[in-house]
Amino acid sequence: MTAKILDGRALAKEIEKEVIADTEAFRETQGFPPTIAVVRVGEDPASVSYARMIKRNFERVGMGFNLHVLPEWASQEEVIDLITWLNVDDAVHGIMIQEPMPRSIDAAAVRLVLSPEKDVDGVSPINAGRLALAAPMGRPSGVQDYLVPATPLGGLEILKRSGIQIEGKHAVVVGRSNIVGKPMAFLLMQHQATVTICHSRTENLPAVCREADILCAAVGRARMIKGDWIKPGAAVIDFGVNFVDGKMCGDVDFDEAVKVAGAITPVPGGTGPMTNVMLMKNVLKAAHRQVKQ
Ligand SMILES: NC(=O)c1ccc[n+]([C@@H]2O[C@H](COP(=O)([O-])OP(=O)(O)OC[C@H]3O[C@@H](n4cnc5c(N)ncnc54)[C@H](OP(=O)(O)O)[C@@H]3O)[C@@H](O)[C@H]2O)c1
């Protein structure tokens, strides 16, 4: 058996067309584009190149992009002042605070200041809390609208747009970070999956993974998940971004897994491109909500 390849690049292109149309309509009615402000403290190289990529992506689809860079030695107060100012700037609809920040900055305190309405990276405790409180699909939850981190949102979108059944299925998420594993688990549960979350202390991880109809890997360890950890026919969503001998690979051993799984995201070309486009979607969502208010 050879798994169906879940082509994140192609799906992202499809979603990008929707983003372009929505952005054009927004610009026409409002007279300005949905805009993201990216905040960076210092010059972390990965953050510098990520910001460059966001700029390219946003400008390509006609969305606004502003970059705010504070020096490495900026004080906590200066960072908080900038966020507070962006929170009330009507020309900015989404704010992304790049991490890691210098050690002198209390990142959690900065996230706390960020307006949940503009938190397009889903890092505010308010948004994380609302996701955790949200009811399963189709049930009234009474929870205010919220934003979810783009990476798990992209993983979910791959499953949905590929017609993979989530309801009633056993999903195993390996990794429990606040930005990928945990929100992915909440999204799957909300979509009626039975969810198991694994982490570095999980005993007998291969056996737990083998139970999964949907296996999501968000670990950060190159090719850790082997072919014989996968239930035949399972859907595998690999969030991992690792480099071995200068080549990018996922957390799943793709060459082994593709022979066992029913469907699998490649790395590169799977969840990565989806993250980029879901960030745009989040900015659009935030912009629509803000102009409505
Ligand atoms: N595709 C994308 O767009 C995108 C976006 C963001 C991140 N990523 C990638 O996704 C991966 C995960 O990112 P992250 O930010 O979630 O990483 P993270 O914060 O380092 O979390 C890693 C998680 O994996 C668990 N873990 C580590 N070693 C393990 C092991 N041997 N067995 C089982 N679990 C183990 C950790 O467990 P403990 O909690 O017990 O420590 C932790 O929960 C990375 O490769 C990252 O580059 C991709």
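For ligands, and for the atoms within them, numbers begin at 1 and follow the listed sequence. No hydrogens, no waters, no symmetry mates; every other heavy atom, side chains included, goes into these values.
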Enquirer: Less than 3.5 Å apart, any donor N or O on the side chain of Thr275 or Thr151 sitting next to an acceptor on the other?
Expert: yes

Enquirer: Can you tell whether the side chains of Asp253 and Lys226 come within less than 4.0 Å, N to carboxylate O?
Expert: yes

Enquirer: Which residue and atom name correspond to the protein heavy atom nearest atom 7 (C) of ligand 1, and how close is it?
Expert: Val180 CG2, 3.9 Å

Enquirer: Test of understanding: given a 4.0 Å heavy-atom threshold, classify the contact between Val219 and ligand 1 as side chain, backbone, both, or neither.
Expert: both

Enquirer: If you measure from the Lys or Arg side-chain nitrogens to the Asp or Glu carboxylate oxygens, is any gap between Asp251 and Arg223 under 4.0 Å?
Expert: no

Enquirer: Measuring from the heavy atoms of Met224, does anything fall under 4.0 Å of ligand 1?
Expert: yes

Enquirer: Mind running side chain to side chain contact (heavy atoms under 4.5 Å, CB included) on Ile15 and Met280 for me, showing each step along the way?
Expert: CA-CA 10 Å; Ile15 298 170; Met280 295 175 190; over 6 Å; no

Enquirer: Does Val241 reach ligand 1 with a nitrogen or oxygen that is under 3.5 Å from one of the ligand's nitrogen or oxygen atoms?
Expert: yes

Enquirer: Among protein heavy atoms, which lies nearest atom 44 (C) of ligand 1, and at what distance?
Expert: Gly220 CA, 3.6 Å

Enquirer: Gly240 near ligand 1, heavy-atom distance under 4.0 Å?
Expert: yes

Enquirer: I'd like to know if the side chain of Asn127 pairs up with that of Arg130 as donor and acceptor (distance under 3.5 Å, no hydrogens or angles considered).
Expert: no

Enquirer: Would you say Glu77 has more than 12 foreign heavy atoms packed within less than 6.0 Å of its CD?
Expert: no

Enquirer: Please determine if Arg201 has a nitrogen or oxygen closer than 3.5 Å to a nitrogen or oxygen of ligand 1.
Expert: no

Enquirer: Among all protein heavy atoms in this structure, tell me which lies nearest to atom 3 (O) of ligand 1, with the distance rounded to 0.1 Å.
Expert: Thr275 OG1, 2.6 Å

Enquirer: Which protein non-hydrogen atom lies closest to atom 4 (C) of ligand 1, naming both residue and atom, and how far is it?
Expert: Thr151 CG2, 3.6 Å

Enquirer: Would you mind finding which of Leu205, Leu279, Ile179 brings a heavy atom closest to atom 32 (N) of ligand 1?
Expert: Leu205

Enquirer: What residue and heavy atom of the protein are closest to atom 1 (N) of ligand 1, and at what distance?
Expert: Thr271 OG1, 3.2 Å

Enquirer: Regarding ligand 1, does Phe239 bring an N or O atom to under 3.5 Å of one of the ligand's N or O atoms?
Expert: yes

Enquirer: Out of Gly250, Gly175, Pro273, Cys198, who is nearest to atom 25 (C) of ligand 1 when you count heavy atoms only?
Expert: Gly175

Enquirer: Using 0.5 Å steps for rounding, measure from the CE atom of Met96 to the NZ atom of Lys118.
Expert: 15.5 Å

Enquirer: Measure the distances from the heavy atoms of Thr202 to every atom of ligand 1 and state whether one is below 4.0 angstrom.
Expert: no

Enquirer: Students should be able to answer this: which protein heavy-atom is nearest to atom 14 (P) of ligand 1, and at what distance?
Expert: Ser177 OG, 3.7 Å

Enquirer: How far is atom 42 (C) of ligand 1 from its nearest protein heavy atom, and which residue and atom name does that atom have?
Expert: Arg176 N, 4.0 Å

Enquirer: I'd like to know if Gly181 contacts ligand 1, where contact means a heavy-atom distance under 4.0 Å to any ligand atom.
Expert: no

Enquirer: Does any N or O atom in Ser200 lie less than 3.5 angstrom from one in ligand 1, N or O only?
Expert: yes

Enquirer: With a 6.0 Å cut-off (strictly less than), is the heavy-atom count around CG of Asp90, excluding the residue itself, greater than 12?
Expert: no

Enquirer: Less than 4.0 angstrom from a charged side-chain N to a carboxylate O is my criterion; do Lys281 and Glu157 meet it?
Expert: no

Enquirer: According to a 4.5 Å side-chain heavy-atom criterion applied to Ile, Leu, Val, Met, Phe, Trp and Tyr, with indirect links allowed, do Val172 and Leu156 form part of one hydrophobic cluster?
Expert: no

Enquirer: What is the minimum heavy-atom distance between Val244 and Cys249, and which atoms define it?
Expert: CG2-SG, 3.8 Å

Enquirer: Is the His191-Phe186 ring centre distance short of 6.0 angstrom?
Expert: no

Enquirer: Can you pull out the closest protein heavy atom to atom 34 (N) of ligand 1? Residue, atom name and distance to 0.1 Å, please.
Expert: His199 C, 3.1 Å

